[in-house]
2 protein chains.
Amino acid sequence: MDQSGASPHTSQTERVILTLREMLLRGDFAAGERLAELTLVRRLTASRTPVRLALDRLAREGVLEALPSGGFRVRAFAIADIRDAIEIRGVLEGTAARFAAERLSEPDELLRMRLCCRDSEQLLPMTLENFVRYVEINDAFHAELWRLAKSAMLTRAIEGLITLPFAAPGALVFVNPETDEPTQLAILALEHHRGIVDAIANREGTRAEALAREHARIARRNLNSVLTDRELFNRIPGASLVRLPVPIGAL
Amino acid sequence: MDQSGASPHTSQTERVILTLREMLLRGDFAAGERLAELTLVRRLTASRTPVRLALDRLAREGVLEALPSGGFRVRAFAIADIRDAIEIRGVLEGTAARFAAERLSEPDELLRMRLCCRDSEQLLPMTLENFVRYVEINDAFHAELWRLAKSAMLTRAIEGLITLPFAAPGALVFVNPETDEPTQLAILALEHHRGIVDAIANREGTRAEALAREHARIARRNLNSVLTDRELFNRIPGASLVRLPVPIGAL
DNA sequence: GCGGGGCGCATTGTATACAATCCAGGCGTC
DNA sequence: GACGCCTGGATTGTATACAATGCGCCCCGC
(Lines give C-alpha, C1' and ligand atoms only; values in the text may rest on other atoms or scores of the structure.)
Protein backbone atom coordinates (compact mmCIF):
# COMPACT_ATOMS: atom_id res chain seq x y z
CA MET A 1 0.00 0.00 0.00
CA ASP A 2 2.44 2.59 1.20
CA GLN A 3 5.05 2.01 -1.48
CA SER A 4 5.83 5.67 -1.89
CA GLY A 5 9.33 5.01 -0.65
CA ALA A 6 9.35 7.76 1.92
CA SER A 7 8.44 5.58 4.90
CA PRO A 8 8.36 1.91 4.04
CA HIS A 9 6.84 0.79 7.31
CA THR A 10 5.35 3.48 9.45
CA SER A 11 5.10 1.31 12.51
CA GLN A 12 4.97 3.03 15.85
CA THR A 13 8.04 1.15 17.02
CA GLU A 14 10.09 2.32 14.06
CA ARG A 15 8.96 5.88 14.54
CA VAL A 16 9.74 5.85 18.25
CA ILE A 17 13.19 4.38 17.63
CA LEU A 18 14.05 7.02 15.06
CA THR A 19 12.68 9.90 17.10
CA LEU A 20 14.24 8.77 20.33
CA ARG A 21 17.61 8.17 18.70
CA GLU A 22 17.52 11.62 17.20
CA MET A 23 16.57 13.15 20.53
CA LEU A 24 19.45 11.38 22.22
CA LEU A 25 22.01 12.44 19.62
CA ARG A 26 20.71 15.98 19.66
CA GLY A 27 21.27 16.10 23.38
CA ASP A 28 17.71 16.33 24.65
CA PHE A 29 18.77 14.16 27.57
CA ALA A 30 21.87 14.54 29.70
CA ALA A 31 24.53 11.84 29.67
CA GLY A 32 23.84 9.42 32.50
CA GLU A 33 20.23 10.52 32.90
CA ARG A 34 17.70 7.83 33.61
CA LEU A 35 14.84 7.49 31.16
CA ALA A 36 11.42 6.66 32.58
CA GLU A 37 9.05 4.89 30.21
CA LEU A 38 6.02 6.98 31.07
CA THR A 39 7.87 10.21 30.40
CA LEU A 40 8.76 8.99 26.94
CA VAL A 41 5.22 7.74 26.38
CA ARG A 42 3.99 11.26 26.92
CA ARG A 43 6.68 12.97 24.87
CA LEU A 44 6.48 10.54 21.96
CA THR A 45 2.73 9.93 21.99
CA ALA A 46 2.96 6.19 21.80
CA SER A 47 2.05 3.42 24.19
CA ARG A 48 4.51 1.70 26.44
CA THR A 49 4.98 -1.31 24.20
CA PRO A 50 6.78 0.38 21.29
CA VAL A 51 8.64 2.66 23.71
CA ARG A 52 9.88 -0.36 25.55
CA LEU A 53 11.03 -2.03 22.34
CA ALA A 54 12.79 1.14 21.28
CA LEU A 55 14.62 1.39 24.60
CA ASP A 56 15.75 -2.22 24.33
CA ARG A 57 16.97 -1.60 20.82
CA LEU A 58 18.85 1.60 21.59
CA ALA A 59 20.47 -0.17 24.51
CA ARG A 60 21.82 -2.80 22.11
CA GLU A 61 22.98 -0.06 19.78
CA GLY A 62 25.01 1.31 22.62
CA VAL A 63 23.59 4.77 23.25
CA LEU A 64 21.60 3.56 26.25
CA GLU A 65 22.56 1.12 28.94
CA ALA A 66 20.28 -1.18 30.89
CA LEU A 67 20.32 -0.77 34.64
CA PRO A 68 20.59 -3.93 36.73
CA SER A 69 17.41 -3.08 38.62
CA GLY A 70 15.50 -2.43 35.41
CA GLY A 71 15.12 0.64 33.30
CA PHE A 72 17.64 2.44 31.15
CA ARG A 73 19.89 5.42 31.30
CA VAL A 74 21.72 7.49 28.74
CA ARG A 75 25.19 6.17 28.25
CA ALA A 76 28.17 8.40 28.84
CA PHE A 77 31.25 8.06 26.67
CA ALA A 78 34.78 9.25 27.20
CA ILE A 79 37.03 10.75 24.54
CA ALA A 80 39.08 7.56 24.75
CA ASP A 81 35.99 5.60 23.72
CA ILE A 82 35.68 7.65 20.56
CA ARG A 83 39.35 7.14 19.79
CA ASP A 84 39.03 3.40 20.30
CA ALA A 85 35.88 3.17 18.22
CA ILE A 86 37.63 4.92 15.35
CA GLU A 87 40.67 2.69 15.63
CA ILE A 88 38.53 -0.43 15.68
CA ARG A 89 36.71 0.80 12.61
CA GLY A 90 40.12 1.17 11.01
CA VAL A 91 40.93 -2.42 11.91
CA LEU A 92 37.66 -3.74 10.53
CA GLU A 93 37.84 -1.67 7.38
CA GLY A 94 41.43 -2.85 7.01
CA THR A 95 40.09 -6.37 7.07
CA ALA A 96 37.43 -5.39 4.56
CA ALA A 97 40.12 -4.04 2.25
CA ARG A 98 42.18 -7.19 2.63
CA PHE A 99 39.16 -9.41 1.98
CA ALA A 100 38.32 -7.32 -1.06
CA ALA A 101 41.85 -7.81 -2.38
CA GLU A 102 41.82 -11.52 -1.68
CA ARG A 103 38.35 -12.07 -3.11
CA LEU A 104 38.32 -9.82 -6.13
CA SER A 105 37.00 -11.79 -9.07
CA GLU A 106 37.12 -9.22 -11.85
CA PRO A 107 38.57 -5.69 -12.18
CA ASP A 108 35.19 -4.19 -13.03
CA GLU A 109 34.09 -4.64 -9.46
CA LEU A 110 36.21 -1.63 -8.57
CA LEU A 111 34.35 0.65 -10.94
CA ARG A 112 32.22 2.37 -8.35
CA MET A 113 35.15 3.01 -6.06
CA ARG A 114 37.09 4.56 -8.92
CA LEU A 115 34.10 6.75 -9.69
CA CYS A 116 34.01 7.91 -6.09
CA CYS A 117 37.68 8.87 -6.35
CA ARG A 118 37.12 10.80 -9.56
CA ASP A 119 34.03 12.56 -8.22
CA SER A 120 35.70 13.66 -5.02
CA GLU A 121 38.70 14.91 -7.00
CA GLN A 122 36.37 17.25 -8.85
CA LEU A 123 35.38 18.85 -5.56
CA LEU A 124 38.86 20.20 -4.90
CA PRO A 125 39.64 22.70 -3.57
CA MET A 126 37.07 22.02 -0.89
CA THR A 127 34.45 24.67 -0.32
CA LEU A 128 31.67 24.81 2.20
CA GLU A 129 28.96 23.97 -0.31
CA ASN A 130 30.98 21.04 -1.66
CA PHE A 131 31.17 19.52 1.77
CA VAL A 132 27.79 17.82 1.85
CA ARG A 133 28.47 16.20 -1.49
CA TYR A 134 31.91 15.16 -0.32
CA VAL A 135 30.50 13.38 2.71
CA GLU A 136 28.05 11.55 0.47
CA ILE A 137 30.80 10.33 -1.83
CA ASN A 138 32.94 9.35 1.11
CA ASP A 139 30.10 7.30 2.58
CA ALA A 140 29.53 5.65 -0.78
CA PHE A 141 33.21 4.72 -1.03
CA HIS A 142 33.19 3.08 2.36
CA ALA A 143 29.93 1.26 1.72
CA GLU A 144 31.40 -0.08 -1.49
CA LEU A 145 34.50 -1.24 0.34
CA TRP A 146 32.36 -3.16 2.80
CA ARG A 147 30.42 -4.71 -0.05
CA LEU A 148 33.52 -5.84 -1.92
CA ALA A 149 34.73 -7.69 1.18
CA LYS A 150 31.94 -10.13 0.34
CA SER A 151 31.46 -11.11 3.94
CA ALA A 152 28.12 -10.86 5.69
CA MET A 153 29.90 -11.43 9.00
CA LEU A 154 32.27 -8.53 8.46
CA THR A 155 29.48 -6.23 7.34
CA ARG A 156 27.61 -7.15 10.49
CA ALA A 157 30.60 -6.39 12.68
CA ILE A 158 31.16 -3.01 11.04
CA GLU A 159 27.51 -2.08 11.22
CA GLY A 160 27.41 -3.10 14.85
CA LEU A 161 30.26 -0.71 15.54
CA ILE A 162 29.04 2.31 13.62
CA THR A 163 25.68 2.31 15.36
CA LEU A 164 27.74 4.36 17.76
CA PRO A 165 27.16 7.76 16.26
CA PHE A 166 30.71 9.06 16.39
CA ALA A 167 32.27 5.88 14.98
CA ALA A 168 30.85 6.20 11.46
CA PRO A 169 33.18 7.16 8.60
CA GLY A 170 31.54 10.54 8.04
CA ALA A 171 31.16 11.45 11.70
CA LEU A 172 34.30 13.52 12.08
CA VAL A 173 34.64 15.33 8.81
CA PHE A 174 33.62 18.53 10.53
CA VAL A 175 36.82 20.47 10.70
CA ASN A 176 37.16 24.20 10.79
CA PRO A 177 35.83 25.29 7.40
CA GLU A 178 37.45 28.70 7.59
CA THR A 179 40.94 27.28 7.23
CA ASP A 180 42.45 25.24 4.41
CA GLU A 181 42.22 22.16 6.63
CA PRO A 182 39.28 20.71 4.69
CA THR A 183 41.19 20.81 1.41
CA GLN A 184 44.27 19.28 2.94
CA LEU A 185 42.27 16.50 4.53
CA ALA A 186 40.38 15.79 1.35
CA ILE A 187 43.65 15.50 -0.55
CA LEU A 188 44.97 13.02 1.99
CA ALA A 189 41.76 11.04 2.05
CA LEU A 190 41.68 10.90 -1.73
CA GLU A 191 45.24 9.61 -1.80
CA HIS A 192 44.26 6.91 0.68
CA HIS A 193 41.19 5.99 -1.32
CA ARG A 194 43.20 5.71 -4.52
CA GLY A 195 45.83 3.63 -2.76
CA ILE A 196 43.23 1.26 -1.40
CA VAL A 197 41.67 0.78 -4.81
CA ASP A 198 45.08 0.23 -6.36
CA ALA A 199 46.06 -2.31 -3.72
CA ILE A 200 42.82 -4.22 -4.14
CA ALA A 201 43.21 -4.18 -7.92
CA ASN A 202 46.69 -5.68 -7.56
CA ARG A 203 45.47 -8.13 -4.94
CA GLU A 204 47.89 -6.68 -2.42
CA GLY A 205 45.94 -7.60 0.70
CA THR A 206 48.46 -6.45 3.27
CA ARG A 207 48.93 -3.07 1.63
CA ALA A 208 45.17 -2.59 1.31
CA GLU A 209 44.74 -3.40 4.99
CA ALA A 210 47.49 -1.04 6.12
CA LEU A 211 46.15 1.80 4.01
CA ALA A 212 42.58 1.40 5.26
CA ARG A 213 43.84 1.42 8.84
CA GLU A 214 45.87 4.53 8.25
CA HIS A 215 42.89 6.08 6.53
CA ALA A 216 40.88 5.86 9.75
CA ARG A 217 43.59 7.87 11.48
CA ILE A 218 42.31 10.90 9.63
CA ALA A 219 39.15 10.76 11.72
CA ARG A 220 41.31 10.49 14.80
CA ARG A 221 43.29 13.53 13.85
CA ASN A 222 40.07 15.40 13.14
CA LEU A 223 38.90 14.46 16.61
CA ASN A 224 41.97 16.14 18.10
CA SER A 225 41.39 19.18 15.94
CA VAL A 226 37.74 19.34 16.91
CA LEU A 227 38.60 19.10 20.59
CA THR A 228 40.05 22.58 20.52
CA ASP A 229 36.76 24.25 19.73
CA ARG A 230 33.50 23.65 21.51
CA GLU A 231 31.49 24.97 18.60
CA LEU A 232 33.03 22.41 16.28
CA PHE A 233 32.86 19.66 18.87
CA ASN A 234 29.13 20.02 19.33
CA ARG A 235 28.59 19.26 15.66
CA ILE A 236 29.83 15.70 16.14
CA PRO A 237 26.86 13.33 16.19
CA GLY A 238 26.27 12.32 19.78
CA ALA A 239 28.55 15.00 21.19
CA SER A 240 26.22 15.43 24.16
CA LEU A 241 26.88 11.82 25.19
CA VAL A 242 30.55 12.51 25.74
CA ARG A 243 31.77 13.32 29.20
CA LEU A 244 34.58 15.80 28.91
CA PRO A 245 37.23 15.59 31.63
CA VAL A 246 38.14 19.24 31.13
CA PRO A 247 36.42 22.05 29.27
CA ILE A 248 37.25 22.20 25.60
CA GLY A 249 40.00 24.57 24.70
CA ALA A 250 41.87 23.98 27.96
CA LEU A 251 44.03 21.30 26.35
CA MET B 1 15.67 -11.52 48.17
CA ASP B 2 16.88 -14.05 45.66
CA GLN B 3 20.56 -13.53 46.29
CA SER B 4 21.36 -17.22 46.11
CA GLY B 5 23.45 -16.54 43.04
CA ALA B 6 21.97 -19.31 40.95
CA SER B 7 19.56 -17.12 39.02
CA PRO B 8 20.17 -13.43 39.61
CA HIS B 9 17.01 -12.20 37.93
CA THR B 10 14.43 -14.81 37.14
CA SER B 11 12.43 -12.59 34.87
CA GLN B 12 10.27 -14.23 32.28
CA THR B 13 12.05 -12.42 29.50
CA GLU B 14 15.43 -13.67 30.64
CA ARG B 15 14.15 -17.20 30.95
CA VAL B 16 12.55 -17.15 27.52
CA ILE B 17 15.71 -15.77 25.92
CA LEU B 18 17.86 -18.46 27.48
CA THR B 19 15.47 -21.28 26.69
CA LEU B 20 14.80 -20.16 23.17
CA ARG B 21 18.48 -19.67 22.43
CA GLU B 22 19.22 -23.13 23.71
CA MET B 23 16.42 -24.60 21.63
CA LEU B 24 17.75 -22.88 18.53
CA LEU B 25 21.32 -24.03 19.08
CA ARG B 26 20.17 -27.53 19.85
CA GLY B 27 18.39 -27.64 16.55
CA ASP B 28 14.76 -27.75 17.68
CA PHE B 29 13.92 -25.60 14.69
CA ALA B 30 15.08 -26.02 11.14
CA ALA B 31 17.30 -23.39 9.52
CA GLY B 32 15.11 -20.93 7.65
CA GLU B 33 11.96 -21.93 9.53
CA ARG B 34 9.60 -19.16 10.47
CA LEU B 35 8.80 -18.79 14.14
CA ALA B 36 5.25 -17.86 15.09
CA GLU B 37 4.83 -16.06 18.38
CA LEU B 38 1.84 -18.05 19.53
CA THR B 39 3.63 -21.35 18.98
CA LEU B 40 6.46 -20.18 21.20
CA VAL B 41 4.01 -18.85 23.77
CA ARG B 42 2.60 -22.34 24.11
CA ARG B 43 5.94 -24.13 24.13
CA LEU B 44 7.59 -21.73 26.55
CA THR B 45 4.61 -21.03 28.79
CA ALA B 46 5.02 -17.28 28.77
CA SER B 47 2.91 -14.48 27.42
CA ARG B 48 3.55 -12.81 24.10
CA THR B 49 5.35 -9.82 25.61
CA PRO B 50 8.48 -11.59 26.85
CA VAL B 51 8.45 -13.89 23.81
CA ARG B 52 8.41 -10.87 21.57
CA LEU B 53 11.30 -9.26 23.42
CA ALA B 54 13.26 -12.48 23.23
CA LEU B 55 12.72 -12.74 19.47
CA ASP B 56 13.88 -9.18 18.99
CA ARG B 57 16.95 -9.84 21.05
CA LEU B 58 17.90 -13.09 19.32
CA ALA B 59 17.48 -11.34 16.00
CA ARG B 60 20.06 -8.77 17.09
CA GLU B 61 22.32 -11.55 18.27
CA GLY B 62 22.19 -12.95 14.77
CA VAL B 63 20.60 -16.37 15.16
CA LEU B 64 17.24 -15.06 13.96
CA GLU B 65 16.45 -12.61 11.21
CA ALA B 66 13.51 -10.26 11.02
CA LEU B 67 11.27 -10.64 8.00
CA PRO B 68 10.30 -7.46 6.15
CA SER B 69 6.61 -8.21 6.59
CA GLY B 70 7.02 -8.83 10.30
CA GLY B 71 7.90 -11.91 12.25
CA PHE B 72 11.16 -13.80 12.44
CA ARG B 73 12.79 -16.86 10.98
CA VAL B 74 15.73 -18.99 11.93
CA ARG B 75 18.84 -17.77 10.21
CA ALA B 76 20.81 -20.07 7.96
CA PHE B 77 24.59 -19.83 7.84
CA ALA B 78 27.09 -21.11 5.32
CA ILE B 79 30.41 -22.69 6.12
CA ALA B 80 32.04 -19.57 4.70
CA ASP B 81 30.22 -17.52 7.35
CA ILE B 82 31.79 -19.60 10.10
CA ARG B 83 35.23 -19.20 8.52
CA ASP B 84 34.76 -15.45 8.27
CA ALA B 85 33.48 -15.16 11.82
CA ILE B 86 36.54 -16.98 13.10
CA GLU B 87 38.87 -14.83 11.04
CA ILE B 88 37.21 -11.65 12.26
CA ARG B 89 37.54 -12.86 15.81
CA GLY B 90 41.22 -13.35 15.07
CA VAL B 91 41.43 -9.78 13.83
CA LEU B 92 39.66 -8.37 16.87
CA GLU B 93 41.63 -10.48 19.33
CA GLY B 94 44.75 -9.41 17.49
CA THR B 95 43.74 -5.84 18.19
CA ALA B 96 43.07 -6.78 21.80
CA ALA B 97 46.56 -8.23 22.07
CA ARG B 98 48.09 -5.14 20.51
CA PHE B 99 46.12 -2.83 22.80
CA ALA B 100 47.19 -4.93 25.77
CA ALA B 101 50.82 -4.56 24.73
CA GLU B 102 50.48 -0.84 24.16
CA ARG B 103 48.57 -0.20 27.37
CA LEU B 104 50.26 -2.48 29.83
CA SER B 105 50.99 -0.51 32.96
CA GLU B 106 52.66 -3.11 35.17
CA PRO B 107 53.93 -6.67 34.61
CA ASP B 108 51.65 -8.09 37.31
CA GLU B 109 48.67 -7.57 35.08
CA LEU B 110 49.78 -10.63 33.13
CA LEU B 111 49.61 -12.88 36.17
CA ARG B 112 46.31 -14.51 35.37
CA MET B 113 47.30 -15.21 31.79
CA ARG B 114 50.50 -16.85 32.96
CA LEU B 115 48.48 -18.97 35.37
CA CYS B 116 46.24 -20.08 32.52
CA CYS B 117 49.32 -21.14 30.58
CA ARG B 118 50.71 -23.09 33.50
CA ASP B 119 47.39 -24.75 34.27
CA SER B 120 46.80 -25.86 30.72
CA GLU B 121 50.34 -27.21 30.54
CA GLN B 122 49.51 -29.51 33.44
CA LEU B 123 46.72 -31.04 31.41
CA LEU B 124 49.10 -32.47 28.81
CA PRO B 125 48.85 -34.98 27.31
CA MET B 126 45.21 -34.21 26.67
CA THR B 127 42.70 -36.79 27.80
CA LEU B 128 38.98 -36.83 27.41
CA GLU B 129 38.29 -35.91 31.03
CA ASN B 130 40.79 -33.06 30.89
CA PHE B 131 38.96 -31.52 28.00
CA VAL B 132 36.25 -29.72 29.92
CA ARG B 133 38.83 -28.14 32.20
CA TYR B 134 40.93 -27.19 29.21
CA VAL B 135 38.04 -25.35 27.59
CA GLU B 136 37.46 -23.47 30.84
CA ILE B 137 41.07 -22.37 31.04
CA ASN B 138 41.08 -21.41 27.38
CA ASP B 139 37.98 -19.26 27.86
CA ALA B 140 39.56 -17.64 30.90
CA PHE B 141 42.70 -16.81 28.91
CA HIS B 142 40.71 -15.14 26.17
CA ALA B 143 38.51 -13.23 28.60
CA GLU B 144 41.65 -11.96 30.30
CA LEU B 145 43.10 -10.87 26.97
CA TRP B 146 39.97 -8.87 26.25
CA ARG B 147 40.16 -7.30 29.68
CA LEU B 148 43.77 -6.27 29.32
CA ALA B 149 42.98 -4.43 26.09
CA LYS B 150 41.30 -1.91 28.41
CA SER B 151 38.82 -0.88 25.79
CA ALA B 152 35.08 -1.02 26.38
CA MET B 153 34.56 -0.47 22.66
CA LEU B 154 36.70 -3.44 21.71
CA THR B 155 35.07 -5.67 24.28
CA ARG B 156 31.73 -4.67 22.86
CA ALA B 157 32.80 -5.49 19.32
CA ILE B 158 34.12 -8.90 20.34
CA GLU B 159 31.06 -9.73 22.39
CA GLY B 160 28.85 -8.67 19.50
CA LEU B 161 30.67 -11.14 17.30
CA ILE B 162 30.76 -14.14 19.58
CA THR B 163 27.03 -14.03 20.19
CA LEU B 164 27.19 -16.10 17.05
CA PRO B 165 27.52 -19.50 18.64
CA PHE B 166 30.24 -20.91 16.43
CA ALA B 167 32.42 -17.80 16.60
CA ALA B 168 33.36 -18.11 20.28
CA PRO B 169 36.92 -19.16 21.20
CA GLY B 170 35.84 -22.49 22.65
CA ALA B 171 33.34 -23.37 19.95
CA LEU B 172 35.57 -25.51 17.80
CA VAL B 173 37.70 -27.38 20.23
CA PHE B 174 35.78 -30.53 19.48
CA VAL B 175 38.20 -32.56 17.45
CA ASN B 176 38.30 -36.28 17.22
CA PRO B 177 39.20 -37.35 20.74
CA GLU B 178 40.30 -40.82 19.66
CA THR B 179 43.37 -39.52 17.89
CA ASP B 180 46.32 -37.54 19.22
CA GLU B 181 44.91 -34.42 17.55
CA PRO B 182 43.73 -32.91 20.86
CA THR B 183 47.19 -33.10 22.36
CA GLN B 184 48.81 -31.64 19.27
CA LEU B 185 46.34 -28.80 19.15
CA ALA B 186 46.71 -28.07 22.85
CA ILE B 187 50.49 -27.90 22.43
CA LEU B 188 50.12 -25.43 19.57
CA ALA B 189 47.55 -23.36 21.42
CA LEU B 190 49.74 -23.25 24.50
CA GLU B 191 52.68 -22.06 22.43
CA HIS B 192 50.50 -19.30 20.98
CA HIS B 193 49.24 -18.31 24.41
CA ARG B 194 52.77 -18.12 25.79
CA GLY B 195 53.90 -16.12 22.80
CA ILE B 196 51.05 -13.65 23.22
CA VAL B 197 51.85 -13.16 26.90
CA ASP B 198 55.53 -12.72 26.10
CA ALA B 199 54.83 -10.20 23.37
CA ILE B 200 52.53 -8.18 25.62
CA ALA B 201 55.08 -8.28 28.45
CA ASN B 202 57.73 -6.88 26.07
CA ARG B 203 55.25 -4.38 24.64
CA GLU B 204 55.67 -5.89 21.20
CA GLY B 205 52.28 -4.85 19.83
CA THR B 206 52.76 -6.06 16.27
CA ARG B 207 53.99 -9.47 17.36
CA ALA B 208 51.15 -9.85 19.84
CA GLU B 209 48.65 -8.99 17.14
CA ALA B 210 50.12 -11.41 14.62
CA LEU B 211 50.19 -14.23 17.13
CA ALA B 212 46.60 -13.71 18.24
CA ARG B 213 45.50 -13.73 14.61
CA GLU B 214 47.38 -16.91 13.92
CA HIS B 215 45.95 -18.38 17.09
CA ALA B 216 42.44 -18.08 15.68
CA ARG B 217 43.53 -20.14 12.68
CA ILE B 218 43.52 -23.16 14.97
CA ALA B 219 39.75 -22.90 15.17
CA ARG B 220 39.66 -22.66 11.39
CA ARG B 221 41.73 -25.77 11.03
CA ASN B 222 39.50 -27.56 13.51
CA LEU B 223 36.55 -26.55 11.40
CA ASN B 224 38.08 -28.29 8.41
CA SER B 225 38.81 -31.32 10.51
CA VAL B 226 35.30 -31.38 11.90
CA LEU B 227 33.81 -31.13 8.43
CA THR B 228 34.92 -34.65 7.63
CA ASP B 229 32.69 -36.24 10.26
CA ARG B 230 29.01 -35.52 10.76
CA GLU B 231 29.08 -36.82 14.32
CA LEU B 232 31.78 -34.33 15.23
CA PHE B 233 30.19 -31.54 13.23
CA ASN B 234 26.92 -31.79 15.09
CA ARG B 235 28.69 -31.04 18.35
CA ILE B 236 29.51 -27.54 17.21
CA PRO B 237 27.17 -25.08 18.91
CA GLY B 238 24.58 -24.01 16.38
CA ALA B 239 25.49 -26.73 13.90
CA SER B 240 21.86 -27.07 12.92
CA LEU B 241 21.86 -23.48 11.68
CA VAL B 242 24.45 -24.27 9.04
CA ARG B 243 23.36 -25.06 5.55
CA LEU B 244 25.72 -27.64 4.12
CA PRO B 245 26.24 -27.47 0.36
CA VAL B 246 27.17 -31.15 0.24
CA PRO B 247 26.82 -33.94 2.78
CA ILE B 248 29.66 -34.12 5.23
CA GLY B 249 32.38 -36.58 4.34
CA ALA B 250 31.93 -36.01 0.62
CA LEU B 251 34.71 -33.42 0.58
C1' DG C 1 -9.07 -24.68 -17.37
C1' DC C 2 -6.94 -20.59 -15.94
C1' DG C 3 -6.67 -16.06 -14.01
C1' DG C 4 -8.30 -12.45 -11.00
C1' DG C 5 -10.69 -10.68 -7.24
C1' DG C 6 -12.55 -10.94 -2.78
C1' DC C 7 -13.35 -12.94 1.57
C1' DG C 8 -11.77 -15.14 5.90
C1' DC C 9 -8.24 -16.60 8.85
C1' DA C 10 -3.97 -16.38 10.96
C1' DT C 11 -0.42 -13.57 12.68
C1' DT C 12 1.74 -9.49 14.04
C1' DG C 13 1.45 -4.56 16.00
C1' DT C 14 -0.50 -1.67 19.68
C1' DA C 15 -2.69 -0.30 23.84
C1' DT C 16 -3.79 -0.90 28.45
C1' DA C 17 -4.84 -3.22 32.77
C1' DC C 18 -2.75 -5.66 36.48
C1' DA C 19 1.13 -7.55 39.37
C1' DA C 20 5.52 -7.29 41.37
C1' DT C 21 9.31 -4.79 42.72
C1' DC C 22 12.15 -1.11 44.19
C1' DC C 23 13.00 3.23 46.53
C1' DA C 24 12.29 6.83 49.75
C1' DG C 25 10.41 8.92 53.55
C1' DG C 26 8.73 8.81 58.10
C1' DC C 27 7.77 6.94 62.39
C1' DG C 28 8.75 4.17 66.22
C1' DT C 29 11.87 1.99 69.31
C1' DC C 30 16.20 1.08 71.45
C1' DG D 1 20.05 10.55 68.39
C1' DA D 2 20.50 6.73 65.37
C1' DC D 3 19.08 2.60 63.48
C1' DG D 4 15.63 -0.24 61.45
C1' DC D 5 11.18 -1.42 59.97
C1' DC D 6 7.11 -0.33 57.60
C1' DT D 7 4.27 1.77 54.48
C1' DG D 8 3.15 4.41 50.27
C1' DG D 9 4.14 5.85 45.77
C1' DA D 10 6.33 5.39 41.53
C1' DT D 11 8.17 2.46 38.01
C1' DT D 12 9.04 -1.58 35.62
C1' DG D 13 7.60 -6.51 34.25
C1' DT D 14 3.76 -9.34 32.52
C1' DA D 15 -0.52 -10.64 30.57
C1' DT D 16 -4.14 -10.01 27.56
C1' DA D 17 -7.57 -7.65 24.76
C1' DC D 18 -8.12 -5.25 20.52
C1' DA D 19 -6.77 -3.41 15.86
C1' DA D 20 -4.61 -3.80 11.56
C1' DT D 21 -2.39 -6.08 8.18
C1' DG D 22 -0.84 -9.53 5.22
C1' DC D 23 -1.68 -14.30 3.19
C1' DG D 24 -3.85 -17.97 1.24
C1' DC D 25 -7.73 -20.18 -0.41
C1' DC D 26 -11.80 -20.46 -2.85
C1' DC D 27 -15.15 -19.06 -5.92
C1' DC D 28 -16.64 -16.78 -9.90
C1' DG D 29 -16.09 -15.17 -14.49
C1' DC D 30 -14.00 -15.46 -18.82
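Protein chains get the first letters and strands the later ones, always in sequence-line order, with residue 1 at the start of each. Any value given below was found using the heavy atoms of this structure, including those in side chains, with hydrogens, waters and symmetry copies removed.
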**Message:** I want to confirm an ordering. Mapping B:Thr45 and A:Gly71 to their closest nucleotides on DNA chain D, which one lands closer to the 5' end?
**Reply:** A:Gly71

**Request:** Would you kindly give the CD-to-P distance between A:Glu37 and C:dA15, to the nearest whole Å?
**Result:** 14 Å

**Request:** Check the distance between C:dT14's C1' and A:Leu44's CG and give it to me in whole angstrom.
**Result:** 15 Å

**Request:** Report which part of the nucleic acid A:Leu35 touches: base, sugar-phosphate, or nothing (heavy-atom distance under 4.0 Å, all strands).
**Result:** sugar-phosphate

**Prompt:** Over how many whole Å does the gap from A:Asp56 atom CG to D:dG13 atom C1' extend?
**Reply:** 13 Å

**Prompt:** Which of the following nucleotides, C:dT16, D:dT14, C:dC23, is nearest to the side chain of A:Ser69?
**Reply:** C:dC23

**Message:** Counting only side-chain heavy atoms from C-beta out, which of C:dA15, C:dT12, D:dT12 sits nearest to A:Leu38?
**Reply:** D:dT12

**Prompt:** Separation of A:Arg73 atom CZ from D:dT12 atom P, in whole Å?
**Reply:** 14 Å

**Prompt:** For D:dG13, does either OP1 or OP2 sit under 4.0 Å from a side-chain N or O belonging to B:Thr13?
**Reply:** no

**Request:** Figure out the CG/P separation between A:Leu55 and D:dT11, and round it to whole Å.
**Result:** 14 Å

**Prompt:** In whole Å, what is the span from the CZ atom of B:Arg48 to the P atom of C:dT16?
**Reply:** 16 Å

**Item:** Reported CD-to-CZ distance for the pair B:Glu33 and B:Phe72, which is rounded to 0.5 angstrom
**Value:** 15.0 Å

**Item:** salt bridge (charged side-chain N to carboxylate O under 4.0 Å, His left out), paired with B:Glu109, selected from B:Arg103, B:Lys150, B:Arg147
**Value:** B:Lys150

**Side-chain N or O of B:Ser47 closer than 4.0 Å to phosphate OP1/OP2 of D:dA15** = yes

**Prompt:** Knowing that exactly one of A:Thr45, A:Leu44, A:Leu24 qualifies, which makes a side-chain contact (heavy atoms from CB on, under 4.5 Å) with A:Thr19?
**Reply:** A:Leu44

**Request:** Answer yes when B:Glu87 and B:Arg83 have at least one side-chain N-carboxylate O distance shorter than 4.0 Å, and no when they do not.
**Result:** no

**Item:** Phosphate OP1/OP2 of C:dA20: any B:Gln12 side-chain N/O under 4.0 Å
**Value:** no

**Interatomic distance, B:Leu53 CG vs C:dT12 P [rounded to whole Å]** = 15 Å

**Asked** Between B:Glu159 and B:Arg156, is there a side-chain N and carboxylate O pair less than 4.0 Å apart?
**Response** no

**Message:** Measuring from the side chain of B:Pro50 (C-beta onward, heavy atoms only), which nucleotide among D:dA15, D:dA17, D:dG13 has the closest atom?
**Reply:** D:dA15

**Length of the line joining A:Arg42:CZ and C:dA15:C1', which is rounded to integer Å** = 16 Å

